[in-house]
Amino acid sequence: MAEWYPLLLKLEGKTCVVFGGGPVAERKAGGLLQANADVRIVSPRITVTLREWADAGRLHWEEREAEDGDVDDAVLVFAATNRPEINRRMCELARRRAIPANIADEGEEGDFLVPAVLRRGGLVLTASATGASPALATRIIDELAVRYGQEYNENIEVLKIIRSIVKAEVPDPAERRELLQAAVTDEALSEWRSTSWQNDKSRLVARLRQRANDRRDR
Ligand SMILES: C[C@@]1(CC(=O)O)C2=NC(=C\c3[nH]c(c(CCC(=O)O)c3CC(=O)O)Cc3[nH]c(c(CC(=O)O)c3CCC(=O)O)/C=C3\N/C(=C\2)[C@@H](CCC(=O)O)[C@]3(C)CC(=O)O)/[C@H]1CCC(=O)O
Ligand SMILES: NC(=O)c1ccc[n+]([C@@H]2O[C@H](COP(=O)([O-])OP(=O)(O)OC[C@H]3O[C@@H](n4cnc5c(N)ncnc54)[C@H](O)[C@@H]3O)[C@@H](O)[C@H]2O)c1
C-alpha cells in the first residue's frame with residue numbers, strides 16, 4: 001500500500017488539464033475553479049455544467065479525444081475518462097515530464113489523490129481514506145460540516161487579525177503560543193464574534209491573558 005503526503009497547492013493561473021467530461025471530470029474541474037486554476041478540459045463530450053462553465057469562459061474546452069501533446073504545459077493532470085488505457089497513457093506522458101497525474105479509475109496508480117473537502121473561507125478541511133473508501137471520506141466531511149458550521153468563515157477572519165495583533169504585541173514566544181491557544185476555544189470564538197475588541201489591542205491582549213490564566217487554573 002502506498003503512503004501519501006498531504007498538502008495544499010496554490011494553483012491560481014496555473015494550467016491544469018482534465019481528460020474526460022463526465023461527472024468525475026466535472027467534480028475535479030469544480031475544485032480546480034475554486035482554486036482559480038486555468039482549467040483545460042479535453043473530451044469529445046462534456047456535462048451540461050461543464051458546458052456552462054466553458055460558455056461562460058471559466059474554463060477552456062478542447063472538443064476532441066486526448067492527444068499526446070496535451071499534457072505539455074500542465075502543472076497537474078487529471079485522467080478522468082471512462083477508458084482506463086487512455087487514463088494510463090496520459091498519466092505516463094505526464095510522468096515523463098515530471099508532471100503529477102491523478103487517475104480517477106485507479107487512484108493508487110496515480111501520483112496524487114483528490115480528498116473530500118470542506119471550505120469555510122480560509123479554513124480548509126480535507127478527508128481521505130487513500131482510495132479505500134471515497135464514500136467514507138465523503139461521510140466524514142459531511143459530519144465535519146455540521147461541527148464546523150458557517151460561523152467558521154467569520155472565525156477564521158477574526159483569528160487572522162487576533163494572531164497578527166498578538167504577534168505584534170506579545171514578544172515572548174511561549175506566552176504568544178499560550179494566548180493563541182486560548183483564542184480558539186469555542187467560548188473564545190463566540191466572544192470574538194459578539195464583542196468589538198478589534199479597536200483596542202491592549203484590551204484584547206489583556207482578555208487573552210485572562211483566558212489563558214483561566215485555562216491554566218482549570
Ligand atoms: C473525495 C472525492 C473527491 C473528488 O473526486 O473530487 C473522491 N471521490 C469522491 C466521491 C465518490 N467517488 C466514488 C463514490 C461512490 C462510493 C464509493 O465508491 O465509495 C463516491 C461517493 C459518492 O458519490 O457519494 C466512486 C469511486 N471513486 C474512485 C473510484 C475508482 C476506484 O476506486 O477504483 C470509484 C469507483 C467507481 C466505480 O464504482 O467503478 C476513486 C477515487 N475517488 C477519489 C476521490 C480518490 C480517493 C479518495 C480518497 O482520498 O479516499 C480516488 C482514488 C481517485 C481520485 O479521484 O482522486 C469525491 C467526494 C466529493 C464530495 O465530497 O462530494
Ligand atoms: N474518482 C472518482 O471519484 C470516480 C467516481 C466514479 C467513477 N470513477 C471512474 O472514473 C471514470 C469516469 O467517470 P465518469 O462518471 O465521469 O464517466 P463518464 O462515462 O460519464 O464520462 C467519461 C468521459 O470521458 C470522455 N472520453 C472518452 N474517451 C475519451 C478520450 N479518448 N479522450 C478524452 N475524453 C474521453 C467521454 O466523452 C466522457 O465525457 C469512470 O470510468 C470510473 O472508472 C471515478
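Counting starts at 1 for both ligands and their atoms, in listed order. Index from 1, following the sequence.
Comment: Arg89 does not engage Glu85 in a salt bridge, judged by the lack of any side-chain N to carboxylate O separation of less than 4.0 angstrom. We find that Arg216 and Asp214 are not joined by a salt bridge, their nearest charged nitrogen and carboxylate oxygen being 4.0 Å or further apart. Between Glu191 and Arg211, at least one side-chain nitrogen of the basic residue sits less than 4.0 Å from a carboxylate oxygen of the acidic one, meeting the salt-bridge criterion.
For ligand 2, the 4.0 Å heavy-atom shell takes in Gly20, Gly21, Gly22, Pro23, Val24, Arg27, Lys28, Val42, Ser43, Pro44, Arg45, Glu65, Ala66, Ala80, Thr81, Asn82, Arg83, Ile86, Ala104, Asp105, ordered by chain and residue number. Residues with a heavy atom under 4.0 Å from ligand 1: Arg27, Lys28, Asn102, Ile103, Ala104, Asp105, Gly107, Leu113, Val114, Pro115, Ala116, Ser128, Ala129, Thr130, Gly131, Pro134, Ala135, Thr138.
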Intermediate values then yes/no, salt bridge (Lys or Arg N to Asp or Glu O under 4.0 Å), Asp105 and Arg83: CA-CA 9 Å; Asp105 57 292; Arg83 290 179 49 194; over 6 Å; no
For Arg96 and Asp68, what are the C-alpha separation, side-chain angles and deciding distance, and is it a salt bridge (Lys or Arg N to Asp or Glu O under 4.0 Å)? CA-CA 12 Å; Arg96 279 187 211 162; Asp68 285 3; over 6 Å; no
Would Arg193 and Glu151 satisfy salt bridge (Lys or Arg N to Asp or Glu O under 4.0 Å), going step by step from the backbone distance to the final call? CA-CA 9 Å; Arg193 288 198 307 273; Glu151 70 279 11; 5.6 Å; no
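Residues Thr15 and Val75 form no side-chain contact, since every pair of their non-hydrogen atoms from C-beta on lies 4.5 Å or further apart. Using a 4.5 Å cut-off on side-chain heavy atoms (C-beta onward), Val114 and Phe78 make contact. At least one side-chain heavy atom of Glu175 sits less than 4.5 Å from a side-chain heavy atom of Arg209.
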